[in-house]
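In the text below, chain A, chain B and the rest are named by the order of the sequence lines, each starting its count at 1. The figures that follow rest on heavy atoms only: side chains count, while hydrogens, waters and symmetry mates do not.
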Amino acid sequence: MRTDKRTSTQRLLLAGRLAATGLVAATLGLTAALPAQAAAPTGVVLADRATTVDAAKRLVTARIDGRLAVLRANGVAINNAARLSDGHQAALKAILDQAVTGLTELKAKVAGETTLEALKADARSMVEDYRVYILVQKQVHLTLAADVETAAVARLRTAYDKLGKAIAAAKAAGKDVGDAEAKLADMKAQLDKAEAAVSGVADALLAVKPGPDAEAIKAQTQAARGKVRDGRTALKAAIADAKAIRDLVKDKAAKSK
Amino acid sequence: MKRVLAMTALAVLVGVALTGCRAGGARDGAGAPADRGGTTVTTPAPAQGAADPAAVAAQTDTDLSELDKLLTELDGQLKKAEESPTDAD
């Protein structure tokens, strides 16, 4: 009898610790969805199966809601993005709509589940069939970033043409243009580099589909992020060149007055 | 009676003369239509590709200001692309 009491107390303490440390998901057999969390003793889990199923439902539902909130925020972001191309906007909208519809249906399915096994499958589907965090979130913001870079390159090319004409005019008038021509050549090289870096990045990223291989997805999003960062570095260099040329042109204009 | 007729004839002659002057002369400074052999005065357009250094510098200032905004926006998107509640899934 005394042994039974101790066992009950130990169970309660263990259950409390598990709840307190957020390991409920692991005890519910959701370790596939949360690989970093350790599994709990099976005996604890089976103590109150009905309560456990309800807790699992709440957990999975909360995780679905978190993903739906991110998807909606991303929907607002793409609607407000002035520089997003029409094609990319349509592709992203289709991805978001599909994920919202699927996860909303999954949420309803979770509400009707009666077993931990079914909930475990739902949790896996929530992660692997949508990949909201490691894929969709990246698709949205890296595509937005790539299109901003494309817009910046176009604007800088216009500035490049004008600065080139100003340098040529100053040179034709017999003025010393310093290293403006070298800066202009570097500006063009940096713009070509930025354009090459960002070219096709968004389209390739938007073609990535969710699936069970998280590492493969991460490799693709990291590659895209690296290219967008390369484009940003080249853009910064081109802008620095434009500023230097602008200063030279201003200086010549002031001296000619 | 003769006096009245003379005055009327004079008035008609003056009217005809004035009408003739108006038709043949320039009106409100405009030239006759070019298709009738007249000349059309137009404001000369600025030469294409003209590179006034001061104007180019001013336009570049505007471009660079816009580009600074684009870079800020770009950095914001890159930061959001890196934010994730969990990198596991």
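Residues from residues 184-195 of chain A never place a non-hydrogen atom less than 4.5 Å from a non-hydrogen atom of chain B. Listed by sequence position, Arg225(A), Val228(A), Arg229(A) are the residues of residues 224-231 of chain A in contact with chain B, using a 4.5 angstrom heavy-atom cutoff. Heavy-atom neighbours of chain B within the stretch residues 141-164 of chain A, taken at a separation under 4.5 angstrom, comprise His141(A), Leu142(A), Leu144(A), Ala145(A), Val148(A), Glu149(A), Ala151(A), Ala152(A), Arg155(A), Leu156(A), Ala159(A), Lys162(A), Leu163(A).
Here the side chains of Ile167(A) and Glu181(A) are in contact, with some heavy-atom distance below 4.5 Å. For the pair Glu73(B) and Arg83(A), the minimum side-chain heavy-atom distance is below 4.5 Å. Side-chain atoms of Lys138(A) and Tyr133(A), non-hydrogen and from C-beta on, never get closer than 4.5 Å to each other. Taking the side chain as every heavy atom from C-beta outward, Lys69(B) and Glu66(B) approach each other to under 4.5 Å.
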**OP:** Quick one: do Asp176(A) and Lys171(A) satisfy salt bridge (Lys or Arg N to Asp or Glu O under 4.0 Å)? Show the steps, please.
**Re:** CA-CA 7 Å; Asp176(A) 174 21; Lys171(A) 212 175 163 189; over 6 Å; no

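Considering Asp122(A), Val60(A), Thr61(A) as possible partners of Leu106(A), the one that fulfils the side chain to side chain contact (heavy atoms under 4.5 Å, CB included) test is Asp122(A).
Interface remark: Asp68(B) contributes side-chain atoms only to the contact with chain A (heavy atom separation under 4.5 Å). For Leu70(B), the parts lying under 4.5 angstrom from a heavy atom of chain A are both the backbone and the side chain. Using a 4.5 Å cut-off between heavy atoms, Leu64(B) contacts chain A through its side chain alone, with no backbone atom that close.
Not one N or O on the side chain of Arg124(A) forms a donor-acceptor pair closer than 3.5 Å with the backbone of Lys120(A). In this structure, Ser125(A) contributes its side chain and Ala121(A) its backbone to no donor-acceptor pair below 3.5 Å.
Checked for salt-bridge contact, Asp75(B) and Arg232(A) meet the test: a charged N lies under 4.0 Å from a carboxylate O.
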Contacts under 3.5 angstrom, residues 202-213 of chain A side chains, donor-acceptor by atom type, not counting sequence neighbours:
{"from": "Asp203(A)", "atom 1": "OD1", "to": "His88(A)", "atom 2": "NE2", "distance (Å)": "2.9"}
{"from": "Asp213(A)", "atom 1": "OD1", "to": "Glu215(A)", "atom 2": "N", "distance (Å)": "3.3"}
{"from": "Asp213(A)", "atom 1": "OD1", "to": "Ala216(A)", "atom 2": "N", "distance (Å)": "3.2"}

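A distance of 13.5 Å separates CG of Leu96(A) from OH of Tyr130(A), quoted to the nearest 0.5 Å.
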